[in-house]
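Everything below concerns the one structure shown next.
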Amino acid sequence: QVQLVESGGGLVQAGGSLRLSCAASGRAFSTYAMGWFRQAPGKEREFVADISGLGGITYYADSVKGRFTISRDNAKNTVYLQMNSLKAEDTAVYYCAADKSMQRLRQVGHGDYWGQGTQVTVSS
């Protein structure tokens, strides 16, 4: 079993930056692909980015490519999402998720484990 806790959300002006963290408890963290998803009010949850167990492969949604960077530190059991050039449309609750299969994780709602989410609000 894996427990995930997100942190780092907050209020920021458009064009600003935030760094989200997701701390995992449990064993064999490096065997899990990790991902970030987000959900805005009245909208369905959407994929943002994911990363392979050892960090060698990353994938991004077109809407965030070039602005967001996903990374992980397996020694700290933590995955990060660096968000730059934030836009009002990035406002959402951001969730991290884990799955043994990177392919499954990328399909929204199919991750084995989920955190409780952290709010990101971008003002325009």
Side-chain angles (χ1 to χ4, degrees):
Q1 57 185 226
V2 177
Q3 294 81 45
L4 305 173
V5 180
E6 302 96 333
S7 62
L11 176 64
V12 64
Q13 293 279 346
S17 299
L18 282 174
R19 189 193 194 206
L20 306 183
S21 298
C22 175
S25 62
R27 57 188 296 273
F29 178 69
S30 65
T31 68
Y32 287 86
M34 301 292 298
W36 288 96
F37 299 78
R38 66 187 184 186
Q39 187 168 22
K43 300 182 67 177
E44 295 186 352
R45 188 173 299 187
E46 65 174 336
F47 168 79
V48 175
D50 59 12
I51 186 168
S52 59
L54 297 179
I57 303 171
T58 58
Y59 190 85
Y60 298 89
D62 288 342
S63 59
V64 306
K65 195 172 299 181
R67 300 188 297 121
F68 291 11
T69 302
I70 188 171
S71 62
R72 66 192 296 161
D73 185 341
N74 287 346
K76 297 180 178 179
N77 276 23
T78 302
V79 63
Y80 305 95
L81 185 68
Q82 178 66 47
M83 306 185 294
N84 299 326
S85 301
L86 283 162
K87 306 174 180 179
E89 51 262 46
D90 294 318
T91 294
V93 176
Y94 283 71
Y95 300 88
C96 67
D99 200 293
K100 289 284 191 175
S101 166
M102 192 171 187
Q103 179 175 304
R104 282 208 305 269
L105 178 62
R106 195 169 299 148
Q107 305 303 309
V108 178
H110 286 75
D112 284 338
Y113 303 98
W114 292 84
Q116 81 291 338
T118 186
Q119 177 71 48
V120 172
T121 302
V122 184
S123 63
S124 59

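FYI, the numbering just counts along the sequence from 1.
- Remark: D112 engages D99, R104 in a side-chain contact (heavy atoms from CB on, under 4.5 Å) (not counting sequence neighbours).
- Cluster annotation: Y60 and M34 are assigned to the same hydrophobic cluster (Ile/Leu/Val/Met/Phe/Trp/Tyr, side-chain heavy-atom contacts under 4.5 Å, transitive).
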Could you list the donor-acceptor pairs under 3.5 angstrom formed by side chains in residues 10-22, with sequence neighbours left out?
residue, atom, partner, partner atom, Å
Q13, OE1, S123, OG, 3.3
S17, OG, N84, OD1, 2.9

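- For residues 61-111, no residue pair satisfies the ring-ring contact (aromatic ring centres under 6.0 Å, His included) rule, not counting sequence neighbours.
- The neighbour count for K76 NZ, taken as heavy atoms of other residues, nucleotides or ligands under 6.0 Å away, does not exceed 12.
- Counting all heavy atoms, side chain and backbone alike, Q107 lies closest to Q103 at CG-O, 3.6 Å.
- Of all heavy-atom pairs between G117 and V93, the closest is CA-CG1, 3.9 Å.
- Heavy atoms only, all atoms of each residue included: A23 and T78 are closest at CA-OG1, 4.2 Å.
- Evaluation of the salt bridge (Lys or Arg N to Asp or Glu O under 4.0 Å) rule for R67 yields D90 as partners, not counting sequence neighbours.
- One hydrophobic cluster, built from ILVMFWY side chains closer than 4.5 Å, holds both Y113 and I70.
- Applying the salt bridge (Lys or Arg N to Asp or Glu O under 4.0 Å) test to every pair with at least one member in residues 114-123, sequence neighbours left out, gives no pairs at all.
- Scanning for side-chain contact (heavy atoms from CB on, under 4.5 Å) contacts around A88 gives S124, with sequence neighbours left out.
- Rounding to the nearest 0.5 Å gives a distance of 10.0 Å between CG of L4 and CG of N77.
- Within the structure, the disulfide (SG to SG under 2.5 Å) test picks out no pair touching residues 38-79 (sequence neighbours left out).
- Of the possible donor and acceptor atoms, none in the side chain of N74 sits under 3.5 Å from a partner among the backbone N and O of L54.
- Taking 4.5 Å as the limit, some side-chain heavy atom of K100 sits within range of a side-chain heavy atom of T31.
- Residues forming a salt bridge (Lys or Arg N to Asp or Glu O under 4.0 Å) with E89 (at least two apart in sequence, or on another chain): none.
- In this structure, R72 contributes its side chain and A33 its backbone to no donor-acceptor pair below 3.5 Å.
- Sorted by first and then second residue, the side-chain hydrogen bond (donor to acceptor under 3.5 Å, both in side chains) pairs with a member in residues 41-51 read R38-E46, D50-R106; sequence neighbours excluded.
- Under a hydrophobic-cluster definition in which Ile, Leu, Val, Met, Phe, Trp and Tyr are linked whenever side-chain heavy atoms come within less than 4.5 Å, directly or via other members, I51 and Y32 are assigned to the same cluster.
- Here the side chain of E6 pairs a donor or acceptor atom with the backbone of Q116 at under 3.5 angstrom.
- Annotation: ring pair (Phe, Tyr, Trp, His ring centres under 6.0 Å) contacts of Y59 (sequence neighbours excluded): F47.
- Residues meeting the salt bridge (Lys or Arg N to Asp or Glu O under 4.0 Å) test with K65, sequence neighbours left out: D62.
- Judged by distance alone, the side chain of T118 and the main-chain N or O of G9 form a donor-acceptor pair under 3.5 Å.
- Under the 4.5 Å side-chain heavy-atom criterion for ILVMFWY residues, a single connected hydrophobic cluster contains both L81 and V64.
- Closest approach of S52 to M102, counting heavy atoms only: N-CE, 3.7 Å.
- With sequence neighbours excluded, no residue satisfies salt bridge (Lys or Arg N to Asp or Glu O under 4.0 Å) with D73.
- Using cut-offs of 30° and 60° for the angle between ring planes, the F37 and W114 rings count as tilted.
- At a threshold of 4.5 Å between non-hydrogen side-chain atoms, the residues Q119 and T91 count as touching.
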